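Here is the structure we will look at.
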Amino acid sequence: MSELSRRKVLISGGVLGAFGALGIGSPARAVPWTWPSSGSIAGSGSGEDPRWVWDDLADPVSRALLESGDVPEVNRLLWDWNRNDQPLPGGLPAYVRDFIEEARRLPSWADRTKLERAAEFNKSRGIYLNLLNGVGGGMLSTAIPKEARAVYYSKGGADMEDRVAKTSILGFAVGALNAYRPDGDCIVQAVKTRLVHAAVRHLLQQSPHWTGGIPISQEDILVTWHTLPTYAMRAMRDWRVPISAADSQAYLHVWQVTAHLLGVRDEYIPATWAAANAQSDQVLPPNMGPTPEGVILTDILLGQLAEQTSPASISRPLCNALARYLVGPQVAGWDEIPREPVWEALIATAWPALVKFREGLIPLPLVPESAWVIDEAVRRYILFYLTKGRETKIEIPTINRPE
Ligand code: HEM
């Protein structure tokens, strides 16, 4: 199928839709890296396959911290390091300080005007983005075998509520109005996450359950990245959310900067949406599929979602149906999200109507009454995570999942 007709199928099949079509028949299969670095922020590159590239700067830092036993003290010192413009606390080992000072610098290509615009966009489209990146991204990540297994066998896998709350800290930081302003915290959360990932690379290899080599390669991070902005943009387009070219560029930009701060090399960060979509189409299909760990994590996540969004009117079946709607039938099948024919039919008509109403495209009387149950579920979910995220902080782990 030509690229054009393939894209048409993806668009008409619905976003997820899009993810359904992406993975057909080819879960977890390695393919050669052919994405051209000419489409990257750097404009050129080494041509190295990102499957075999990790994080040259952060990995030795977290390894040294784990080996020296200094992680708890460094976590303690970094607990109150919260703002982008905040000087580092005294007392950090010199190599940690040097790493963070380097890692916290915005790339030379970061564009303040675009970042400000992205912040406004994140605000105006917050409900869609939180739903897509929170529920949708969560369900997609459990259908990425390497990620599902990494999460399951690392420390946070044993306490998914805390783990989700911690992950949402970065999600909300990216979406905040002051994300990359001096008083925001996106730089801090991304740099802390980079150290967490580096620690996981070291720790997981010691887990008796881990058989996958060094985890969290640059390719793995790109895969997850595409389940966030690329997926969200495709979904919003699919829902016919009006988005100006400037807004879409700005939204891509905030995620490009975030990828850089997470340690992704500029030669792998897509420069345009066209390049991002092409990279997504290349890296997602071979990296998605079912795992027993993914099924368990999905069940836990949906159980939490249902709990948070109670009263009883917003039930687990509704959460199942919403998740199925967001990820499409193939991923839903991999994740073993139960079928909910009644709710699924309702969401399929009610959600597009809600979007149209919110975008001022149809008047209130045309929104079915039942749609507000979904609207309420989404709001409660977002509120819950906003609150949860405030109760905890991102910390470098010292152990894998306790046996
Ligand atoms: C931890 C975000 C990619 C595996 C975290 C945390 C954040 C985060 C915010 C800190 C929360 C915590 O400590 O629990 C992201 C983002 C990614 C990405 C934005 C890509 C754009 C990946 C990938 C993998 C992965 C590709 C595995 C293949 C993990 C694990 C932990 C973690 C195992 C936590 C370990 C623990 O529970 O101790 N990630 N991540 N992440 N991430 Fe990622």
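We use all heavy atoms of the structure for the numbers below, so side chains are in, but hydrogens, waters and symmetry mates are not. The structure presented is a predicted model; accordingly, all values stated were derived computationally and were not measured. Whatever order the structure lists ligands and atoms in, that order sets their numbers, starting from 1.
Of all atoms in ligand 1, numbered sequentially from 1 with element shown, those under 4.0 Å from a heavy atom of P397 are 38 (O). Within ligand 1, counting atoms from 1 as listed, the ones closer than 4.0 Å to a heavy atom of K166 are 11 (C), 12 (C), 13 (O), 14 (O). Of all atoms in ligand 1, numbered sequentially from 1 with element shown, those under 4.0 Å from a heavy atom of A150 are 27 (C), 33 (C).
Looking only at atom types and distance, the side chain of E293 has a donor-acceptor partner in the side chain of Y153 under 3.5 Å away. Side chain to side chain, W210 and N400 fail the donor-acceptor criterion of an N or O pair below 3.5 Å.
A salt bridge between E73 and R76 is present, with a side-chain N of the basic residue lying under 4.0 Å from a carboxylate O of the acidic one. For R324 and D335, the salt-bridge test fails: no basic side-chain N is under 4.0 Å from an acidic carboxylate O. Salt bridge status for D183 with R181: absent, with no side-chain N to carboxylate O gap under 4.0 Å.
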message: What verdict does the side-chain hydrogen bond (donor to acceptor under 3.5 Å, both in side chains) test give for D266 and H260, after you've listed the backbone C-alpha separation in whole Å, the side-chain angles of each residue and the deciding distance to 0.1 Å?
response: CA-CA 7 Å; D266 290 354; H260 176 96; 2.7 Å; yes
- prompt: Given W351 and L131, is the side chain to side chain contact (heavy atoms under 4.5 Å, CB included) satisfied, shown in steps?
  reply: CA-CA 12 Å; W351 181 254; L131 180 67; 3.7 Å; yes
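Of the listed options V200, L195, T224, T224 places a heavy atom closest to atom 23 (C) of ligand 1. With T193, V151, L222 as candidates, the residue nearest to atom 9 (C) of ligand 1 on a non-hydrogen basis is T193.
Considering backbone and side-chain N/O of G156, one or more are found under 3.5 Å from N/O of ligand 1.
Heavy atoms from both the backbone and the side chain of D220 come within less than 4.0 Å of ligand 1. The side chain of L170, and not its backbone, has at least one atom closer than 4.0 Å to an atom of ligand 1 (non-hydrogen atoms only; side chain from C-beta on). Contacts between H197 and ligand 1 below 4.0 angstrom, taking non-hydrogen atoms only, involve the side chain exclusively. Residue-level proximity to ligand 1 for L262 is carried by the side chain, the only part with a heavy atom below 4.0 angstrom.
The closest protein non-hydrogen atom to atom 33 (C) of ligand 1 is S154 OG, 3.3 Å. Ranking protein heavy atoms by distance to atom 4 (C) of ligand 1, first place goes to I216 CD1, 3.6 Å. Regarding atom 32 (C) of ligand 1, its nearest protein heavy-atom neighbour is R163 NH1, 2.9 Å.
Each of V61, L195, L203 was evaluated against I396; a single residue qualifies, L195, per the side chain to side chain contact (heavy atoms under 4.5 Å, CB included) test.
Between W33 and W35, the two ring planes are tilted [angle within 30° to 60°].
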